[in-house]
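Quick notes on the structure that follows.
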Amino acid sequence: MMSSGPKCDLHCHSSVSDGVLAPRDLARRAHANGVQLWALTDHDETAGLEEAAREAAALGMRFVPGVEISVTWCGTTVHIVGLGVDGGHPQLREGLREVRAGRVRRARAMGERLAERGMPGAFEGALPYARNPELIGRTHFARFLVQAGHCADMQAVFHRYLGDDKPCHVPARWATLDQAVGWILAAGGRAVIAHPGRYRLTPVQFDALLDRFVELGGAGIEVVTGSHTPDQYRVYAELARRRGLLASCGSDFHSPDESRVDLGGLPPLPPRLTPVWHDWL
Ligand code: AMP
Ligand code: MN
Ligand code: MN
Ligand code: MN
């Protein structure tokens with residue numbers, strides 16, 4: 001299977017979750033950047049998919065409805081992307097509703113931890129950055145903390161306060177891997193492990209993740225993503241080949257001002273991989 005082909009970007013976020021652009025504006029930006037196959041994958045929510053699909057159709061760009069589900073695996077947050085999902089499927093919708101349910105309480109707790117470190121009012125400050133309060137998360141806090149002058153940029157916020165192992169992060173109990181893959185398959189989609197290079201799992205925990213993911217019917221991993229270095233493209237390409245997994249590509253674009261990689265800004269997949277979109281075009 002050839003790895004070259006259409007320009008694809010199968011991972012990004014709109015203002016429905018923690019991106020800053022509306023779904024229709026993301027569609028326009030992707031199209032303007034030459035993307036031919038585009039997916040919107042908001043965190044734990046499918047409410048932006050209709051608008052995105054409509055705009056993509058108007059532009060003549062192929063659209064893949066997606067979602068990025070927060071999962072807890074061995075106490076670590078792992079993200080599972082669903083591609084080609086029916087966003088209205090009752091099992092997926094109900095599952096995502098439950099995943100979102102704990103976010104406000106967790107956000108209040110992060111606000112308290114930030115207050116203890118001399119940054120009061122962060123919960124109230126972060127709220128207006130979340131279009132949907134149900135989806136309030138660390139990115140919204142980071143935007144507030146930068147705007148309020150507590151940190152120079154988003155990276156500094158995660159480095160000092162809100163990164164996974166930093167003092168103001170409050171870990172959540174997200175979906176289980178079994179649930180997330182189950183909902184994606186029920187909704188007719190393909191499950192993909194997002195940015196595998198980002199997880200702080202031991203090799204044993206990571207192998208167990210892959211084993212269970214494949215057992216459950218998971219299909220692929222992201223090889224080329226805005227979160228990987230070129231060296232990691234090669235590492236995860238080799239993993240996909242060895243494990244017989246499909247390969248995906250996505251910028252994980254959140255904002256023109258914050259994201260290192262723009263929509264459509266990634267190189268093509270390395271050779272000798274089967275793209276996750278191989279039978280969609
Ligand atoms: P949450 O779902 O509230 O745990 O927030 C996770 C989100 O925070 C991710 O989807 C990213 O958008 C953002 N994020 C996590 N770590 C970093 C980081 N080191 N730098 C920038 N953004 C990050
Ligand atoms: Mn995000
Ligand atoms: Mn992610
Ligand atoms: Mn993402």
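Read the numbers this way: they start at 1 and go in the same order the structure lists the ligands and their atoms.
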State plainly whether the residues [X] and [Y] are in salt-bridge range, i.e. N to O under 4.0 Å.
{"X": "R54", "Y": "E51", "value": "no"}
{"X": "E215", "Y": "R212", "value": "yes"}
{"X": "R190", "Y": "D279", "value": "yes"}

Can you confirm whether the side chains of [X] and [Y] place a donor and an acceptor under 3.5 Å from each other?
{"X": "S227", "Y": "R198", "value": "yes"}
{"X": "T225", "Y": "D252", "value": "no"}
{"X": "D18", "Y": "H43", "value": "yes"}
{"X": "E55", "Y": "H31", "value": "no"}
{"X": "E222", "Y": "H195", "value": "no"}

Shortest protein contact, [atom] (heavy atom only):
{"atom": "atom 11 (C) of ligand 1", "result": "T139 OG1, 3.9 Å"}
{"atom": "atom 2 (O) of ligand 1", "result": "R103 NH2, 3.0 Å"}
{"atom": "atom 18 (C) of ligand 1", "result": "F158 CG, 3.4 Å"}
{"atom": "atom 20 (N) of ligand 1", "result": "Q155 NE2, 3.1 Å"}

Structural part of [X] in contact with ligand 1, heavy atom criterion under 4.0 angstrom:
{"X": "D164", "value": "neither"}
{"X": "H254", "value": "side chain"}
{"X": "H43", "value": "side chain"}
{"X": "R106", "value": "side chain"}
{"X": "M154", "value": "neither"}

For the Mn ion (ligand 3), report each protein N, O or S atom nearer than 2.8 Å, sorted by chain and then by residue number.
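Near the Mn ion (ligand 3), below 2.8 Å, one finds E68 OE2, H79 ND1, H195 NE2.
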Give the atoms of ligand 1, by number and element, whose distance to some non-hydrogen atom of D18 is under 4.0 Å.
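Matching atoms, with element in brackets: 7 (C), 10 (O), 12 (O).
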In ligand 1, which numbered atoms sit nearer than 4.0 Å to a non-hydrogen atom of G137?
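Ligand 1 atoms under the 4.0 Å threshold to G137: 3 (O).
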Ignoring hydrogens and angles, tell me if any N or O in the side chain of N132 forms a donor-acceptor pair with the backbone of V16 under 3.5 Å.
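Checked: no pair found.
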Below 4.0 Å from any atom of ligand 1, is there a heavy atom belonging to E258?
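Per 4.0 Å heavy-atom rule, E258 does not contact ligand 1.
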Measuring from atom CZ of R243 to atom OH of Y236, what distance do you get when rounded to the nearest 0.5 angstrom?
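It is 12.5 Å, given to the nearest 0.5 Å.
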Where do A22 and S14 come nearest, in terms of heavy atoms and distance?
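A22 and S14 have their closest heavy atoms at C-CB, 4.3 Å.
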Identify the two heavy atoms, one from A30 and one from L263, that lie closest to each other, and give their separation to 0.1 Å.
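That would be N-CD1, 3.8 Å.
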Tell me which one of R138, H140, R260 gets a heavy atom nearest to atom 3 (O) of ligand 1.
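Minimum heavy-atom distance to atom 3 (O) of ligand 1 goes to R138.
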